[in-house]
Visitor: 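Submitted below is the structure of interest, expressed as structure tokens.
Numbers here are sequence positions counted from 1.
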Amino acid sequence: MTDSRMQETLVTHRYPRVLSIAGSDSSGGAGIQADLKTFSALGCYGMTAITALTAQNTQGVRAIHSVPVSMLRDQIDAVVEDIGVDAVKIGMLHSPEVVEAVAQALDAHGLKQVVLDPVMVAANGAKLISDEAIAVLVSELFPRALVVTPNLDEASLLLGRPLTQSDALAEAAQALLAQGAHAILLKGGHLPGHDVLDILAQAHANGQDNILQRLHSVRISTHNLHGTGCTLSSAIAAYLALGCNLSEAVLAARTYVRGALYAGANVRTGEGVGPLNHGFAPEAMKVYGE
């Protein structure tokens, strides 16, 4: 291929581009590592802006080191200004200053296809962010996200009440919409039972009734659940970058996560809660013409 032909190809074609703004998991099962594996498995080009470094493995977190806010801003600016971004996944944001910096960056770059995974509670039940940071997260990022994806612990913290029954999920999703979100994917996987129920609630324009979808699936028996929420939110972002609407992206992402859970169910990685098998059926990198 001639130099001019190569240059033309570079100019007129691109990958679907997804940016993860989240923390680093040194064990590779969650955080930006899970996000990058998911983006790649679904045929997207992944990029990162790291909010914090963690020293952790399958048994727990040993240490957390925050990235300076100025460095976080520079990471986002660098990739958006040069490469461009089709969709964003947001994960661990540990302080009000970090939340505000991310909100400002979304506005500055006009980023609209945003999936917010509000990481607030550790697997052992410990809160990971302050009440002040939670309030800023709701006020600044809920209105800027296309969809927010809390699990039951996070939803309970946001609503100030426990959620222990599946028949309470629809009302809880509506209440979370009232906090300013455009759409909520409330994940019911922490409830016991043979089936898993998630609720996708989308605010309807012009004051009409909100749109509710009840998403049922059979529970997959596995101890390897580390990074499930990160993987789901990053898969939704990937499918948005691939051109799906929100409902399509959520359904496709749930299918991908179920496949990754099933494929990794009998694999032992470490002595604690292991990861999913993100690469169980990888897609080739997509290339789009412009």
Visitor: Are any of the side-chain heavy atoms of K112 and L146 separated by less than 4.5 Å?
Guide: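 K112 vs L146: side chains apart.
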Visitor: Could you see if L185 belongs to whatever hydrophobic cluster contains I211? Use Ile, Leu, Val, Met, Phe, Trp, Tyr and a side-chain cutoff under 4.5 Å.
Guide: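 Not linked; separate clusters.
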Visitor: According to side-chain hydrogen bond (donor to acceptor under 3.5 Å, both in side chains), does anything in residues 67-80 pair up with another residue at least two apart or in another chain? List the pairs.
Guide: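 The answer is D77-H109.
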Visitor: Working to the nearest 0.5 Å, report the span between CD1 of I199 and NZ of K187.
Guide: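 It is 14.0 Å, given to the nearest 0.5 Å.
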Visitor: May I have the step-by-step check of side chain to side chain contact (heavy atoms under 4.5 Å, CB included) for K286 and C44, ending in yes or no?
Guide: CA-CA 6 Å; K286 305 296 190 298; C44 293; over 6 Å; no
Visitor: Which atoms form the tightest heavy-atom contact between L163 and A155, and what is the distance?
Guide: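 In terms of heavy atoms, the two residues are closest at CD1-CB, 3.7 Å.
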Visitor: Can you tell me how far apart CG (L212) and CG (L169) are? Round to the nearest 0.5 Å.
Guide: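 Reported value, rounded in 0.5 Å steps: 11.0 Å.
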Visitor: If you look at every heavy atom in N224 and G264, which pair is closest and at what distance?
Guide: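 Shortest heavy-atom contact: ND2-O, 2.7 Å.
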Visitor: Transitive ILVMFWY cluster of L36 at side-chain heavy atoms under 4.5 Å: who else is in it?
Guide: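 Other cluster members: V18, F39.
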Visitor: How far apart are the closest heavy atoms of A183 and L246, and which atoms are they?
Guide: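 What the structure gives for the nearest pair is CB-CD2, 3.6 Å.
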Visitor: May I ask you to decide if S20's main-chain N or O and D35's side chain share a donor-acceptor pair within less than 3.5 Å?
Guide: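 A pair under 3.5 Å: no.
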Visitor: Rounded to the nearest 0.5 Å, what separates atom OG in S233 from atom CD1 in I90?
Guide: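 So the gap between those two atoms works out to 10.0 Å.
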Visitor: Inspect the surroundings of CZ in R214 and state if more than 12 heavy atoms from other residues, nucleotides or ligands are less than 6.0 Å away.
Guide: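 Open: at most 12 neighbouring heavy atoms sit under 6.0 Å from CZ of R214.
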Visitor: Going by side-chain heavy atoms closer than 4.5 Å, which hydrophobic residues are tied to I32, directly or by a chain of links?
Guide: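 I32 shares its hydrophobic cluster with I50, L53, V67, M71.
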Visitor: Please answer whether the main-chain N or O of V218 pairs with a side-chain N or O of R258 as donor and acceptor at a distance below 3.5 Å.
Guide: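 Present.
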Visitor: Has the side chain of D117 got a donor or acceptor atom that lies under 3.5 Å from a matching backbone atom of V119?
Guide: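 The answer is no, because no donor-acceptor pair under 3.5 Å joins these two groups.
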Visitor: Give a yes or no on whether the backbone of P162 and the side-chain of S156 come within a donor-acceptor separation of less than 3.5 Å.
Guide: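 Judged by distance alone, no pair lies under 3.5 Å.
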Visitor: For Y45, look at atom OH and say whether over 12 heavy atoms of other residues, nucleotides or ligands are found less than 6.0 Å away.
Guide: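 Count not over threshold, so no.
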Visitor: Looking at D25, is its backbone amide N or carbonyl O close enough to the side chain of Q33 to form a donor-acceptor pair, meaning the two atoms are under 3.5 Å apart?
Guide: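 Looks like yes, one N/O pair under 3.5 Å.
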Visitor: Listed by chain and number, what are the ring-ring contact (aromatic ring centres under 6.0 Å, His included) partners of Y256, not counting sequence neighbours?
Guide: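 With neighbours one apart ignored, the set is F280.
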Visitor: Check the side chains of S247 and Q213 for a donor-acceptor pair under 3.5 angstrom, ignoring hydrogens and angles.
Guide: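 Yes, S247 and Q213 have a side-chain donor paired with an acceptor closer than 3.5 Å.
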Visitor: For R144, which residues count as a salt bridge (charged side-chain N to carboxylate O under 4.0 Å, His left out) partner, sequence neighbours excluded?
Guide: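 With neighbours one apart ignored, the set is D107, E140.
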Visitor: Answer yes or no: is there a donor N or O on one side and an acceptor on the other, between the side chain of K89 and the main chain of C230, under 3.5 Å?
Guide: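 Present.
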Visitor: Would you kindly say whether T231 and H278 are connected by a side-chain donor-acceptor distance under 3.5 Å?
Guide: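 Per modelled atom types, T231 and H278 side chains form a pair under 3.5 Å.
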Visitor: Checking E171 now: which residues fulfil salt bridge (charged side-chain N to carboxylate O under 4.0 Å, His left out) with it, not counting sequence neighbours?
Guide: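 Salt bridge (charged side-chain N to carboxylate O under 4.0 Å, His left out) check on E171 returns R161.
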Visitor: State, to 0.1 Å, how close C244 and A249 come at their nearest heavy-atom pair, and which atoms those are.
Guide: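 Minimum heavy-atom contact is CB-N, 3.8 Å.
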Visitor: Please examine the side chains of H194 and R219, heavy atoms only from C-beta on, and report whether any two atoms are closer than 4.5 Å.
Guide: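 No, side chains not in contact.
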Visitor: Any sub-3.5 Å donor-acceptor pair from D195's side-chain atoms to H216's backbone N or O?
Guide: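 Side chain of D195 to backbone of H216, a donor-acceptor pair under 3.5 Å: no, none is there.
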Visitor: Can you check side chain to side chain contact (heavy atoms under 4.5 Å, CB included) on V69 and V98, steps first, answer last?
Guide: CA-CA 6 Å; V69 172; V98 168; 4.0 Å; yes
Visitor: Under a 3.5 Å cutoff, is there a donor and acceptor pairing between the side chains of Q56 and T54?
Guide: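 Q56 vs T54: donor-acceptor pair found between side chains.
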Visitor: Is the closest side-chain heavy-atom distance between I21 and L19 below 4.5 Å?
Guide: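 Touching, per the 4.5 Å side-chain cut-off.
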Visitor: Between I83 and V85, is there a shared hydrophobic cluster once you connect ILVMFWY residues whose side-chain heavy atoms come closer than 4.5 Å?
Guide: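 Same hydrophobic cluster.
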Visitor: Does any non-hydrogen side-chain atom of T228 lie less than 4.5 Å from one of V257?
Guide: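 Yes, at least one pair of side-chain atoms sits under 4.5 Å.
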Visitor: Using a 3.5 Å distance criterion without hydrogens, assess whether the side chain of H94 forms a donor-acceptor pair with backbone atoms of S66.
Guide: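 Not at all, since once roles are kept as given, no pair shorter than 3.5 Å links the two residues.
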Visitor: Per the side chain to side chain contact (heavy atoms under 4.5 Å, CB included) rule, which among L197, L251, V196 passes with L215?
Guide: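 Of L197, L251, V196, side chain to side chain contact (heavy atoms under 4.5 Å, CB included) with L215 is met by L251 alone.
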Visitor: Taking the side chain from D86 and the backbone from A241, do they hold a donor-acceptor pair closer than 3.5 Å?
Guide: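 A pair under 3.5 Å: no.
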Visitor: Decide side chain to side chain contact (heavy atoms under 4.5 Å, CB included) for V102 and L93; before the verdict, give the C-alpha distance in whole Å, the side-chain angles of both, and the deciding distance to 0.1 Å.
Guide: CA-CA 9 Å; V102 171; L93 305 177; 4.0 Å; yes
Visitor: Which is it for H226 and S27 under the side chain to side chain contact (heavy atoms under 4.5 Å, CB included) test, yes or no, and what are the steps along the way?
Guide: CA-CA 10 Å; H226 181 54; S27 75; 3.7 Å; yes
Visitor: If you define the side chain from C-beta out and look only at heavy atoms, does anything of V79 sit under 4.5 Å from T48?
Guide: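 No, every pair of side-chain atoms sits at 4.5 Å or beyond.
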Visitor: Under 3.5 Å, side chain of Q104 to main-chain N/O of A101, donor-acceptor pair present?
Guide: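 Not confirmed, Q104 side chain does not pair with A101 backbone.
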Visitor: On a heavy-atom basis, which atom in M92 and which in T51 lie closest, and how many Å separate them?
Guide: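 Looking at all heavy atoms of both residues, the closest pair is O-OG1, 2.7 Å.
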Visitor: Is Y288 reachable from L240 through a run of I, L, V, M, F, W or Y residues, each pair having side-chain heavy atoms under 4.5 Å apart?
Guide: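 Yes, it is one cluster - the side chains of L240 and Y288 are joined through contacts under 4.5 Å.
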Visitor: Got a second to check how far L176's CG is from E154's CD, nearest 0.5 Å?
Guide: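 It comes to 10.5 Å.
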Visitor: Are the side chains of R17 and V88 in contact, using a 4.5 Å heavy-atom criterion?
Guide: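 A side-chain contact is absent here, since even the closest heavy-atom pair is not under 4.5 Å.
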Visitor: Testing the basics here: between P275 and G29, what is the closest heavy-atom pair and its distance to 0.1 Å?
Guide: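 Heavy atoms of P275 and G29 come nearest at CB-CA, 3.9 Å.
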Visitor: So, taking the atom named CZ in F142 and the one named CG in L137, what distance separates them when rounded to the nearest 0.5 Å?
Guide: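 If I round to the nearest 0.5 Å, the distance is 6.0 Å.
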Visitor: Do L232 and T38 have side-chain heavy atoms sitting under 4.5 Å apart?
Guide: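 Side chain of L232 against side chain of T38, heavy atoms only: no contact under 4.5 Å found.
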Visitor: Would you call T149 and L186 a side-chain contact if the rule is heavy atoms closer than 4.5 Å?
Guide: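 With C-beta onward as the side chain, the pair stays apart.
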Visitor: For the atom pair OG (S221) and CG (L261), what is the distance rounded to the nearest 0.5 Å?
Guide: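 With rounding to 0.5 Å, OG (S221) is 11.0 Å from CG (L261).
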Visitor: Are a donor atom and an acceptor atom from the side chains of N210 and Q202 found within less than 3.5 Å of each other?
Guide: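 Looking only at side-chain atoms, Q202 and N210 do not form any donor-acceptor pair under 3.5 Å.
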